[in-house]
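Taking it in order: structure first as structure tokens, then the write-up.
Counting starts at 1 for both ligands and their atoms, in listed order. Both backbone and side-chain heavy atoms feed into the values below; hydrogens, waters and symmetry mates do not.
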Amino acid sequence: MAETEKIQMTTPLVEMDGDEMTRIIWKMIKDILIRPYVDLKTEYYDLGLKHRNETDDRVTLDSAKATQKYGVAVKCATITPNAQRMTEYNLKEMWKSPNGTIRAILDGTVFRKPILVKGIVPYIPTWTKPITIARHAYGDIYKNTELKVPKGSKAELVVTDENGKETRALIHDFKTSDGIIQGVHNMDNSISSFARACFNYALDAKEDLWFASKDTISKTYDHRFKDIFAEIYENEYKSKFEAAGIEYFYTLIDDVIARVIRSEGGFIWACKNYDGDVMSDMLATAFGSLGLMTSVLVSPDGVYEYEAAHGTVTRHYYNYLKGEKTSTNPIATIFAWSGAFRKRAEMDNLPALADYADKLEKASIQTMEDGIMDKNLAAVSKLENKQPVDTETFLNEINKRLAALMK
Ligand code: NAP
Ligand code: MG
């Protein structure tokens, strides 16, 4: 397309570049699938580990602040350093997970949604629509305090209020045996943010929202989650849900598992922290491929950050460095871009950009349904004409179909 015919943007996207194989794919996506069609406007932040180290991780904070300012970000997968990365990258410090830092600043909830394509059959055959899972990413056992308790001890909960007044409750009198105790907490404002992010996302997706806990057993703790969701729903979302023709549905965690398994999909499943940790891995596996799992961080005030759920695909990157061709799946990263474009289009009222986002996704799905895919996807695909290709061929094949759709 000539420069003047390219789709115009008004507000920039916050672009967070990343590491390893996904950083290579990031550039290819922009060169092959985006720049030929869109006059791309981004505010660029290099979250690659080298630059995070050079800036003492300042760049991660800056990118999160820019996301608050502009409202929409697209993020490449990034390395969370461990001991081995300290030497590999000669790091000054073991910098924290960028996703954790960004999530804390945006006070956001992560929604993961699988992309369904012909040939990749979920392990649960009735799941014909995607199930989106939202995990409350604060508190409970992830911020716990634990102790071993020797026999003969008495364990109590003690709360000291701001005037020094103590409230005590017996946990257990360990008369007959050694044991263990655990203290967990959550905060009303964190639960409220989680609830609002879920209600907003459901309205956006026009899908029902399910939430579950164990309030029959945990009559104060889990019940607080149930009550906060119910209050916020009644006061802020009920009429909007009714107008959109969607439902908010609360039940017990064991009941929800049974309902999820026998459902056809097509809803959002909000989970407490531990339930989300466990169930998101179950869903990702059951839907068939990590390369087809998308992820978006949504803040309670409506800020969105899109990314792929997978990591930087390190093994492929080391092969790439040796000069070998890789067969890496770019789809979840492409959908991070299309998701961000669609949201930007909606906020800035740019129908041509929204149309491009739809066509980019359509072309991606068509390519895989024509049998063209990476090796890992081909290994699980049930298509007869499947044809594993290298990363660049995969992207060029998507572009052929995109170009036809954009005519
Ligand atoms: P990973 O990068 O997701 O890769 C795990 C394996 O899954 C790969 O080796 C590959 O299998 C397969 N795979 C994942 N994505 C694929 C794709 N797009 N196409 C084809 N195959 C794909 O997870 P990891 O190895 O645990 O982590 C690597 C690095 O990523 C770590 O430094 C971690 O900190 C980081 N990470 C970042 C994020 C994030 O930024 N959101 C999330 C998770 C991990 P084969 O090797 O068998 O082909
Ligand atoms: Mg997990």
Less than 3.5 Å between some nitrogen or oxygen of Ser327 and one of ligand 1, yes or no? no

Looking only at N/O atoms, are Glu20 and ligand 1 under 3.5 Å apart anywhere? no

Show the atoms of ligand 1 that are less than 4.0 angstrom away from any heavy atom in [X].
X: Ala77; value: 40 (O)
X: Thr314; value: 28 (C), 29 (C)
X: Lys75; value: 40 (O)

Hey, do the aromatic rings of [X] and [Y] have their centres closer than 6.0 Å?
X: Phe335; Y: Tyr306; answer: no
X: Tyr138; Y: His185; answer: yes
X: Tyr248; Y: Tyr237; answer: no
X: Tyr233; Y: Phe199; answer: yes

What protein heavy atom is closest to [atom], reported as residue, atom name and distance in Å?
atom: atom 3 (O) of ligand 1; answer: Gly311 N, 2.7 Å
atom: atom 14 (C) of ligand 1; answer: His310 CB, 4.0 Å
atom: atom 30 (O) of ligand 1; answer: Thr312 N, 3.0 Å
atom: atom 32 (O) of ligand 1; answer: Arg85 NH2, 3.0 Å
atom: atom 40 (O) of ligand 1; answer: Thr78 N, 3.0 Å

Please tell me if atom 42 (C) of ligand 1 is touched by the protein, where touching means a protein heavy-atom distance below 4.0 Å.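 Looking at atom 42 (C) of ligand 1, one finds that a protein heavy atom does lie closer than 4.0 Å.
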
State whether any protein heavy atom lies less than 4.0 Å from atom 26 (O) of ligand 1.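 Flag for atom 26 (O) of ligand 1 set to false, no protein heavy atom closer than 4.0 Å.
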
Parallel, tilted or perpendicular: which describes the rings of Phe229 and Phe211, with under 30° parallel and over 60° perpendicular?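 Geometry flag for Phe211 against Phe229: parallel rings.
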
Options Asn329, Ile331, Thr80, Asp374, ranked by nearest heavy atom to atom 34 (O) of ligand 1, top entry: Thr80

Name the option, out of Leu49, Asn99, Leu290, Val313, that contains the heavy atom nearest to atom 2 (O) of ligand 1.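 Result: the heavy atom closest to atom 2 (O) of ligand 1 is in Val313.
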
Does any donor atom in the side chain of Ser97 or Asn99 lie under 3.5 Å from an acceptor atom in the other side chain? no

Begin from the C-alpha positions of Arg58 and Asp62 and carry the test salt bridge (Lys or Arg N to Asp or Glu O under 4.0 Å) through to its verdict. CA-CA 6 Å; Arg58 183 81 230 165; Asp62 290 345; 3.4 Å; yes

Whether Arg168 and Glu166 form a salt bridge (side-chain N of Lys/Arg under 4.0 Å from carboxylate O of Asp/Glu) is what I want to check.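 Result for this pair is yes, salt bridge flagged.
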
Sequence neighbours left out, what pairs pass side chain to side chain donor-acceptor pair (under 3.5 Å) with at least one residue falling in residues 114-127?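 Output for this query is empty, none listed.
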
Should His316 be listed as contacting ligand 1, given a heavy-atom distance under 4.0 Å as the test? yes

Is ligand 1 less than 4.0 angstrom away from at least one heavy atom of Lys375?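 False for this residue.
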
Ring pair (Phe, Tyr, Trp, His ring centres under 6.0 Å) filter on Tyr274, not counting sequence neighbours, yields none

Classify the contact between Asn376 and ligand 1 as side chain, backbone, both or neither, using a heavy-atom distance cut-off of under 4.0 Å.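 Looking at Asn376 and ligand 1, just side chain atoms fall under 4.0 Å.
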
I need the contact type for Arg315 against ligand 1. Using non-hydrogen atoms and a strict under-4.0 Å cut-off, is it side chain, backbone, both or neither?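 The answer is the side chain.
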
